[in-house]
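Okay, structure first, notes after.
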Amino acid sequence: MDPEIIEEVVKTFGRLHEDGLIYRAEKLVNYCTRCGTAYSELEVEHEEREDKLYTIDYGLLKVATTRPETMLGDTAVAVNPKDKRYKNLIGKSVVVPLINREIPIVGDEMVDMEFGTGAVKITPAHDPNDWEVGVKHKLEVITVIGTNGKMTDKAGEYAGLSVSAAREKVIDDLGNKLVEVKPYVHSVGVCYRCHRVIEPLPIKQFFIKVKPLADKALAALNSKETVILGAGRDKILRHWLLNLRDWNISRQIVWGIRIPVWYTDEKKLDYVVSETSPGEGYIQETDTFDTWFSSGQWPVVTLKTNKPEDFEAYYPTNIMETAYDILPFWVMRMMLLSIYLTGKSPFKYVYLHGLVRDEQGRKMSKSIGNAINPLELCTKYGTDSLRMALVMSTTAGQDSNTGENKVRGMRNFGNKIWNAGRFIAEKQAEDMVMTGEKDGEFTKKLSEVTNEVTKLLDQMKVGLASETVYNEFWHWFCDEGIEMNKQKKVSDAMLKEGYKKMLALLHPFVPFVTEAIWQEMFVDEGLLISYSWPK
Ligand SMILES: [Zn+2]
């Protein structure tokens with residue numbers, strides 16, 4: 001990465017820190033023990049898995065869990081205060097089997113009375129819901145699983161075992177305290193890179209307080225400073241912004257921008273934020289920034305580090321075009337950080353395109369073998385054919401179905417444009433002075449088509465604009481216009497003028513073919529790409 005970009009990104013962290021928007025806290029993070037890094041909630045995928053639900057006898061009550069090995073880190077049992085079965089047990093205590101630790105029974109509305117026995121063990125160090133309960137009831141946090149995926153010293157005789165080996169041993173050791181085991185299908189968080197089950201672990205990380213940033217991004221959406229075009233997907237963005245948790249920006253990976261934080265002691269108790277070493281004896285944090293922390297500053301840092309005054313001239317930008325699946329990862333982060341840095345939302349419009357699916361609407365995948373190679377299609381049918389096939393009839397934010405048939409259809413359309421051009425190019429110069437009885441009608445229709453396509457493009461209805469120009473060229477200009485010309489009702493001069501306009505209207509969608517024809521027929525006019533848009 002360019003050093004000047006890194007400099008800007010590091011500065012942003014410093015500024016956030018000065019504004020009190022950065023804090024370091026032990027927080028439960030989504031940790032992949034194989035990749036050795038923590039992930040934000042956005043990077044965790046969810047999969048249905050069949051596991052087992054174990055019911056364990058804790059004396060006064062029984063608890064149900066899918067993860068018996070975490071009982072070694074239990075610091076409470078929770079019941080719902082509305083639950084008549086357990087209400088009078090709140091405030092009493094039980095002893096955790098195997099480790100004989102006495103823990104309190106707490107009442108919390110979060111407990112689902114229908115799940116298992118209606119009583120749940122609380123392990124703040126290893127479950128996000130339990131963490132919340134732990135914070136509320138000021139429970140101790142006992143970490144029994146380490147970042148290496150093995151049981152820690154706190155796990156007593158289970159120390160050093162892998163999580164799955166510890167689970168087996170705990171189940172064995174429980175003996176008759178294990179009262180029931182049954183199959184259980186549930187959704188588990190897995191690493192988006194290696195698909196290992198995510199281990200929630202308490203680790204010291206740097207966080208951004210997102211609420212003040214999110215409020216401003218919401219305000220930008222409400223005031224229409226930024227408009228999201230994408231079939232209602234702005235609602236998804238609002239939902240994210242309203243429910244965003246503080247952003248964990250620490251990553252335990254080496255490829256990335258190193259966090260500009262320095263420590264003087266091995267235990268990393270206190271830290272100093274500084275772009276360079278604050279002095280002798282300081283060691284820098286080895287964690288790097290979440291990649292979205294730097295790419296979230298893209299609109300600002302790219303313009304600031306390019307040519308002088310680019311930022312002043314081009315910020316805020318007009319349109320950001322991207323796929324909808326990256327909306328919370330990237331677009332939202334660009335809004336959060338760019339507004340923070342500049343006071344202005346980075347784009348006037350965000351145009352979200354959909355995913356390209358196969359002709360039957362299925363996602364393209366290796367296993368189905370239905371993926372199409374765009375380069376092969378370009379070689380076979382021409383680049384314009386693929387371009388038109390990808391744009392035609394699409395709607396912002398919605399997936400489109402595209403296959404070879406659609407591309408072939410667009411190749412035929414390209415041929416239609418060539419053939420019409422050839423027909424007109426063969427006209428004799430002396431015939432160009434004659435007029436036709438339908439010339440007026442033809443001109444009127446031509447300006448209607450121009451207005452319609454222009455209007456649709458102004459509204460950023462790109463798919464509809466391409467569909468309109470396709471239909472009007474094929475069914476009006478060729479089927480009717482050229483036919484009327486053959487009957488001498490539309491003059492040669494008028495037809496040629498109409499063709500010229502149609503080429504200009506087609507140009508955004510079929511750029512190579514139209515430019516090539518233009519260079520043959522209207523060479524005196526310069527390049528079509530720089531020719532002014534028809535009125
Ligand atoms: Zn992983």
Side-chain angles (χ1 to χ4, degrees), residues 1 24-52 65-70 72-73 123-131 141 143-152 154-155 158-168 184-208 240 244-259 268 285-296 323 325-330 332-333 355 363 365-367:
M1 204 185 270
R24 183 174 180 240
E26 193 163 67
K27 240 188 168 175
L28 213 56
V29 298
N30 303 300
Y31 200 87
C32 175
T33 54
R34 178 179 291 162
C35 297
T37 189
Y39 292 117
S40 79
E41 57 193 303
L42 296 177
E43 290 158 311
V44 177
E45 291 185 355
H46 290 89
E47 280 180 6
E48 286 267 296
R49 293 237 171 140
E50 191 181 321
D51 281 319
K52 291 193 178 81
T65 178
T66 56
R67 303 200 58 188
E69 72 283 5
T70 61
L72 305 168
T123 323
H126 301 292
D127 180 276
N129 291 325
D130 293 7
W131 176 271
V141 176
T143 307
V144 292
I145 300 166
T147 52
N148 58 0
K150 293 196 160 53
M151 304 307 284
T152 66
K154 296 263 174 64
Y158 301 88
L161 293 178
S162 71
V163 170
S164 53
R167 182 177 303 178
E168 293 304 314
Y184 182 65
V185 178
H186 63 152
S187 165
V188 293
V190 298
C191 172
Y192 84 106
R193 279 158 65 188
C194 77
H195 286 261
R196 176 178 281 209
V197 174
I198 287 290
E199 196 67 69
L201 293 178
I203 292 179
K204 280 203 172 164
Q205 309 271 309
F206 286 94
F207 289 86
I208 298 179
W240 274 104
L244 212 53
R245 291 188 185 187
D246 283 351
W247 180 6
N248 167 21
I249 51 167
S250 296
R251 289 294 179 277
Q252 291 71 44
I253 48 177
V254 287
W255 56 92
I257 302 174
R258 212 162 152 184
I259 298 179
K268 301 183 172 181
E285 172 63 64
T286 51
D287 286 359
T288 50
F289 285 129
D290 175 8
T291 175
W292 300 107
F293 179 70
S294 46
S295 46
D325 55 351
I326 212 163
L327 183 65
F329 286 98
W330 195 33
M332 181 177 75
R333 264 71 176 273
L355 306 179
K363 208 169 175 176
S365 79
K366 269 188 206 156
S367 53

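What you are looking at is a predicted structure, and each value in this text was computed from that prediction instead of being measured. We count ligands from 1, going down the list as the structure has it; atoms in each ligand are counted the same way.
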Strictly distance-based, threshold 3.5 Å: is any side-chain N or O of His126 a donor or acceptor partner for the main-chain N or O of Ile145?
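Yes: the side chain of His126 pairs with the backbone of Ile145.
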Could you state the interatomic distance from NZ (Lys204) to NZ (Lys27), rounded to the nearest 0.5 Å?
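If we round to the nearest 0.5 Å, Lys204:NZ and Lys27:NZ are 14.5 Å apart.
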By side chain to side chain contact (heavy atoms under 4.5 Å, CB included) - contacts of [X] (at least two apart):
X: Asp287; result: Ser250, Gln252, Ile259, Glu285
X: Ser365; result: Ser367, Ile368, Asn370
X: Tyr184; result: Leu53, Thr66, Phe115, His186

I'd like to know whether CZ of Arg196 has more than 12 heavy-atom contacts from other residues, nucleotides or ligands below 6.0 angstrom.
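Yes, CZ of Arg196 has more than 12 neighbouring heavy atoms, counting only those of other groups under 6.0 Å.
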Restricting to distances shorter than 2.8 Å, give the number of protein N, O or S atoms close to the Zn ion (ligand 1).
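The number of such protein atoms is 4.
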